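Side chains are part of it too, since the values below use all heavy atoms of this structure and drop only hydrogens, waters and symmetry mates. Since the structure is predicted, the reported quantities are computational estimates derived from the model, not experimental observations. One-based numbering, in listed order, for ligands and for the atoms of each.
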Amino acid sequence: MSNIEQTLSIIKPDAVERNLIDEIKKIFKENNFHIKNSKKIHLTKDEAAEFYKVHQSKPFYSDLCSYLASGPIVVMILEGKNAVMANRKLMGATNPKDAEENTIRKLYGISIDKNSIHGSDSLENAKKEIDFFFKS
Ligand code: CDP
Ligand code: MG
């Protein structure tokens, strides 16, 4: 049975700023993800607020939106077997301190807010997030 999925990944400003784009893309490829689409963009704070609106009631929401809009990001569609959950595993825990060895956040994350990478948390949200950035 085919369970090839697509998920949305974002290389966040802290990682773009440290020139980690190629290293992170290499990790995805080594872990059998196909990068179906990729673009470097710089969101406005309003766009970041729209993207992260599921977090609007959280105390960190405003800082989170400012941060996502603070510099260029790379948005990617990753495709692969069980891509949504496989990507969440490869990213590691939200707080890099709690992330497992060899996860992207363990390798590159600086702090709970500057944690280098975003990944969709469900198939339903993956579809919404892919549409947000790539709907023509
Ligand atoms: O990104 P992930 O799905 O692992 O975590 P989230 O709970 O959906 O939170 C979204 C983002 O908000 C995180 O990736 C962090 O950048 C940020 N965040 C934060 O700044 N402070 C927290 N206490 C929790 C999350
Ligand atoms: Mg999340």
Does the side chain of Tyr108 come under 3.5 Å of the side chain of Asp14 through a donor N or O and an acceptor N or O?
no
Side chains of Asp46 and Thr44: donor-acceptor distance under 3.5 Å anywhere?
no
Verify ring pair (Phe, Tyr, Trp, His ring centres under 6.0 Å) between Phe51 and His118, making sure each step is shown before the conclusion.
CA-CA 11 Å; Phe51 176 73; His118 166 85; 5.1 Å; yes
What does the 4.0 Å heavy-atom contact list look like for ligand 1?
Lys12, His55, Phe60, Leu64, Arg88, Thr94, Arg105, Ile112, Asp113, Asn115
With side chain to side chain contact (heavy atoms under 4.5 Å, CB included) as the test, pick out the partner of Val74 among Val16, Ile35, Leu20.
Val16
For Leu123, which fellow cluster members are found when Ile, Leu, Val, Met, Phe, Trp and Tyr are connected by side-chain heavy-atom distances below 4.5 angstrom, either directly or through intermediates?
Val84, Met85
Are side-chain N/O atoms of Lys12 and Asn115 paired as donor and acceptor at under 3.5 Å?
yes
